[in-house]
Novice: 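Provided herewith is a single structure, encoded as structure tokens, for subsequent inquiry.
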Amino acid sequence: MSTEAPEASAPAPPARRPRRRLRATLLVFLTLPVLACASIGGIGWHFSGVATEVAHGDEYPLTVLEVGSGTVTLPREPETARPGTWGLVWKDGRALLGPVVGGDASKVVRKVTSVVQGRLAKGLAVDVDHWVYGGDPKRALGIDFQDVKYASELGPMPAWLLPGKSPKSTWVIGVHGRNADKAETFRVMRTVHGLGLPMLSIAYRNDVGAPASSDGKNHLGDTEWQDVASAVSYARSQGATGVVLHGWSMGGAMVMTTLRRDAYLRAHPAFVRGMVLDSPVMDWGATLDKQGDARDLPRFLTFVAKQTLEQRIGIDLESFDQPRHAARLTTPTLMFTTNDDETVANAPAYAFAMAAPPGMVTHIPTAGDHTDSWNVDPAAYERALAAFLTKVR
């Protein structure tokens, strides 16, 4: 377990291919020029609305510069030049990217492993997709699945069920991040399926195709955790003998909150065999402080925005300070953090690992940006995940 903290600041939010959307959201949330144009109270109200916005959809901020024989040339950006396994997406199209094979200070040439859908051409507006795959588990990975619905307090919620060898076993429940969707969970499906375990990849409130919350707002996991609890109940009703909760970004915060707040799991904590946390949000308050500091925002303005956010959606940000609860952790946990995470700062994750009982948290720091641990080294990630699931199942 690695426990050396890489920085003094702390984590941030989750999102979709949308990591880009999330960063833009936080940038707006904490931008000085706009702050100067409004009263402090108005500022807090405006930016709390941005932070709780439900936003879905695709953005294509990059332009294809050239397409060669089995290669694509893209503008040089951190995400286009990073080693690893990635997707390239455009409207009605998708390709799988291979290694960097050329370029200069302004551009990057990468191998194209395959064009899955559409036609890759010069001038296309595209984006690098760290989820890699699209569609559904059958089309993306060749894995049979069922479209199912699990009951929740807001109504039926959609989910993908990969049946596994038997329903009477430990299930893996995949929980995506803020303003993301089930496709975020594709990257672990082959590993889970290879072990014969059922996997339930869930949508939750305010997702596309899922019931909306009464106010239509994102509550940063403070209400969304109840949908994770409902998914656990569904797994139990289908014969699950235990679950492993696998959460990405805000999904990680939701997973940990479910363990603490759900009545059944408080009474039967051993039903959760383990947790897998991928770039988890370990402290929302520290997250917003980090983002403000990165933009030289006075701390008192960040404080006002956080106070307004708490009042507007009824959230207690301190309750999402996960290291405070680490000493009481009884659930084996595998946690991935990325050293270059621009969305979630890692100090609280390191603090969580250090404060947990010895041997309870296996912490694996990797290269890469937010939720990119799999992308930078799929084989290493899958070995660690398979070993963990085999141990706790």
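Computed from a predicted structure; not experimentally measured. Only heavy atoms go into these numbers, but all of them, side chains included; no hydrogens, no water, no symmetry mates. Sequential numbering from 1 along the given sequence is applied to the chain's residues.
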Novice: Is a donor on one side and an acceptor on the other found under 3.5 Å between the side chain of Glu184 and the backbone of Gly177?
Specialist: yes
Novice: How far does CG of Leu200 sit from NE2 of His246, to the nearest 0.5 angstrom?
Specialist: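 Separation between the atoms: 14.0 Å.
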Novice: Restricting to non-hydrogen atoms, name the atom on Ala253 and the atom on Phe320 that form the minimum distance, rounded to 0.1 Å.
Specialist: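 Closest pair (atom of Ala253, atom of Phe320, distance): CB-CD2, 4.3 Å.
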Novice: Which heavy-atom pair separates Ala384 from Ile364 by the least distance, and what is that distance?
Specialist: CB-CD1, 3.6 Å
Novice: Looking only at atom types and distance, does a side-chain atom of Asn206 sit under 3.5 Å from a main-chain N or O of Lys217, one as donor and one as acceptor?
Specialist: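 Side chain of Asn206 to backbone of Lys217, a donor-acceptor pair under 3.5 Å: yes, one is there.
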Novice: For Pro163 and Asp144, which heavy atoms make the closest approach, and how far apart are they?
Specialist: CD-O, 3.7 Å
Novice: Return the OH to CG distance between Tyr234 and Asp227, rounded to the nearest 0.5 Å.
Specialist: 15.0 Å
Novice: Does Gly251 offer a backbone N or O that forms a donor-acceptor pair with the side chain of Ser249 under 3.5 Å?
Specialist: no
Novice: Would you call Lys306 and Asp289 a salt bridge, taking side-chain N to carboxylate O under 4.0 Å as the test?
Specialist: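 Yes.
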Novice: When you look at CD of Glu318, are more than 12 heavy atoms from neighbouring residues, nucleotides or ligands closer to it than 6.0 Å?
Specialist: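 Check fails, neighbour count at 12 or below.
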Novice: Does Arg110 reach the main-chain N or O of Thr80 with its side chain, forming a donor-acceptor pair under 3.5 Å?
Specialist: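 It does hold such a pair.
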Novice: Check each of Thr366, Asn339, Thr338 against Ser373 using the side chain to side chain donor-acceptor pair (under 3.5 Å) test, and report the only one that passes.
Specialist: Thr366
Novice: Applying the side-chain contact (heavy atoms from CB on, under 4.5 Å) criterion to Met282, which one of Asp321, Leu277, Val344, Asn346 satisfies it?
Specialist: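 Testing Met282 for a side-chain contact (heavy atoms from CB on, under 4.5 Å) against Asp321, Leu277, Val344, Asn346 leaves exactly one candidate, Leu277.
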Novice: Ignoring hydrogens and angles, tell me if any N or O in the side chain of Asp369 forms a donor-acceptor pair with the backbone of Glu342 under 3.5 Å.
Specialist: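 Yes: the side chain of Asp369 pairs with the backbone of Glu342.
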Novice: Do Arg261 side-chain atoms and Trp225 backbone N/O form a donor-acceptor pair below 3.5 Å?
Specialist: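 No.
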Novice: Any carboxylate oxygen within less than 4.0 angstrom of a Lys/Arg side-chain nitrogen, looking at Lys182 and Asp207?
Specialist: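 A salt bridge is absent here (no side-chain N lies under 4.0 Å from a carboxylate O).
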Novice: Looking at Arg273 and Leu389, would you say the former's side chain and the latter's main chain have a donor-acceptor pair under 3.5 Å?
Specialist: no
Novice: With distance as the sole test, does Gln322 use its side chain to make a donor-acceptor pair with the main-chain N or O of Phe352 at under 3.5 Å?
Specialist: no
